[in-house]
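Keep in mind the model is a prediction, meaning the values are calculated, not measured. Ligands are counted one by one from 1 in listed order, and the atoms in each one are counted from 1 as well.
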Amino acid sequence: MNAPETTIPAVPEQSDAAPDWAEMRRESRNKLRRRTIEHIRNKTTDLAEAALLLDKSVYTDPARHADERRVLFQERPILAALSGDLPQPGDTFLFDEVGPPILVVRNKQGKVNAFLNMCTHRAAKLVTECTRKNRMSCKFHGWTFDLDGKLVGMPGKSGFAGIQLAERNLIPVPVVEWHGLIFVRAVPNGAPIDVEAHLGKAFANELAHLELEKAVPMKTTRIDVNSNWKYAMDTYGEGYHFATLHPSTIGALALSNIMSYDNYGPHHRLAMPRAEFLEYCDKPESEWPETGYNGLYYIFPNVVINANSIAGGRQFYGVSRVFPCERVDQATTLITTYKPGQMLHDTEVEPWTQMHDFIHKVVSTEDYSVSEEGQHNLNYAPDDFKPVLGANEIALQNIHKHIATLLAAEKK
Ligand code: FES
Ligand SMILES: [Fe+2]
């Protein structure tokens with residue numbers, strides 16, 4: 001899947017004051033690659049202090065599940081889209097995965113707004129298709145709203161004498177667009193989002209250098225899975241299973257049970273070595289070829305951005321998001337593959353759609369088959385059975401610990 005990347009083009013339209021993101025990516029790549037190859041040489045991996053036991057109820061308890069949906073997915077910032085999903089004024093994006101249907105729309109000035117996707121007449125779903133619009137009209141009785149949510153037209157106005165129509169604008173939800181990431185808080189009229197506080201400065205800097213604001217979506221698919229969302233999410237956070245579960249797919253492309261792990265509070269970044277790194281182990285760094293960036297960025301609680309390489313020196317960003325459904329044992333995953341900004345000179349489409357299809361197939365047929373079987377088994381496991389996360393599954397430990405901490409804080 002990887003051929004050496006020979007050039008990473010400089011970032012266009014860069015003013016004197018703007019950071020050199022391409023150079024920052026290269027530096028970050030070098031540091032990460034150095035660490036990861038050192039792990040291969042020493043046959044080591046980054047480890048937590050100890051193994052961690054979980055209660056099986058973490059995956060099976062409906063009450064805990066309801067708390068997770070509310071506390072993690074509705075009350076806290078959650079990634080709704082990337083800027084490239086609604087690039088032009090008038091573009092709309094529907095985000096229904098966290099419960100309340102949310103409508104994200106780019107207004108005439110290019111600013112992103114988000115609302116409950118609900119007509120203020122009698123609550124019909126206002127927008128049902130992600131198309132470019134000047135105004136949004138409800139299909140039920142034709143109330144019409146502008147791109148800032150203002151009620152600007154309605155048939156039969158005289159029937160609503162005495163009603164304060166100025167109070168019938170769309171109901172906003174907090175939204176922020178930051179370096180190509182669009183976060184919402186799924187609470188009507190909720191508190192504003194401070195993205196850098198949510199991500200932390202150091203992690204925000206790491207994400208900024210990916211230049212996600214220039215990424216262009218190439219393909220999106222959905223995978224429904226009969227497992228708790230965390231059982232599905234857990235498959236993204238360790239390379240311990242590569243050789244055993246994915247012998248002819250991921251396991252042929254990346255080395256098992258070797259990982260460089262960087263913690264950023266609830267978030268983290270992982271790097272698992274690509275198979276060709278083995279060739280570099282007995283060479284000095286000066287002889288390592290220029291390779292693409294490869295790292296997995298996890299944004300708490302449910303996003304993985306896989307910045308990685310495709311054959312021919314190409315790079316892709318694979319964004320996977322796992323969402324809990326209403327039932328404790330059902331989840332849905334949205335996978336979108338983006339062409340990064342530094343690849344836009346490449347007019348090909350297929351390398352990205354093929355990579356997308358490959359990942360979709362591996363996740364749906366290999367990873368999630370295990371998630372479904374494991375979830376099913378947990379229903380029958382003895383009450384005192386405790387799944388265990390090894391010290392080598394440090395990223396999963398980080399996720400589970402932070403979820404537990406947030407839920408406990410909520411109960412106080
Ligand atoms: S519910 Fe939308 S116009 Fe009536
Ligand atoms: Fe996997």
S.K.: Please determine whether E366 has a backbone or side-chain N, O or S atom lying under 2.8 Å from the Fe ion (ligand 2).
M.R.: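 No, outside the cut-off.
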S.K.: Is R269 paired with E206 through a side-chain N to carboxylate O contact shorter than 4.0 Å?
M.R.: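 Yes, this pair counts.
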S.K.: Between H356 and F316, is the gap from one ring center to the other below 6.0 Å?
M.R.: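 No: the rings miss the under 6.0 Å criterion.
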S.K.: Can we call the ring centroids of Y298 and Y261 under 6.0 Å apart?
M.R.: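 Ring-ring flag for Y298/Y261: false, centres at least 6.0 Å apart.
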S.K.: Which atom name would you report as the N, O or S atom of D367 nearest the Fe ion (ligand 2)?
M.R.: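 Atom name of the closest N, O or S in D367: OD1.
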S.K.: I'd like to know if E290 pairs up with R26 as an ion pair, taking the criterion as any Lys NZ or Arg NE/NH1/NH2 lying under 4.0 Å from an Asp or Glu carboxylate oxygen.
M.R.: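 Here E290 pairs with R26 in a salt bridge, since their nearest N and O are under 4.0 Å apart.
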S.K.: Under 6.0 Å between the ring centres of W21 and H179?
M.R.: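 Ring centres of H179 and W21 closer than 6.0 Å.
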S.K.: Quick one: ring pair (Phe, Tyr, Trp, His ring centres under 6.0 Å) pairs with a partner in residues 382-404, sequence neighbours left out?
M.R.: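 Those involving residues 382-404 are Y59-H400.
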S.K.: Run the side-chain hydrogen bond (donor to acceptor under 3.5 Å, both in side chains) check on H39 and D46 step by step: do they pass?
M.R.: CA-CA 8 Å; H39 273 316; D46 285 343; 2.8 Å; yes
S.K.: Let's test this: below 2.8 Å, count the protein N/O/S atoms around atom 4 (Fe) of ligand 1.
M.R.: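 Count of protein N, O, S atoms less than 2.8 Å from atom 4 (Fe) of ligand 1: 2.
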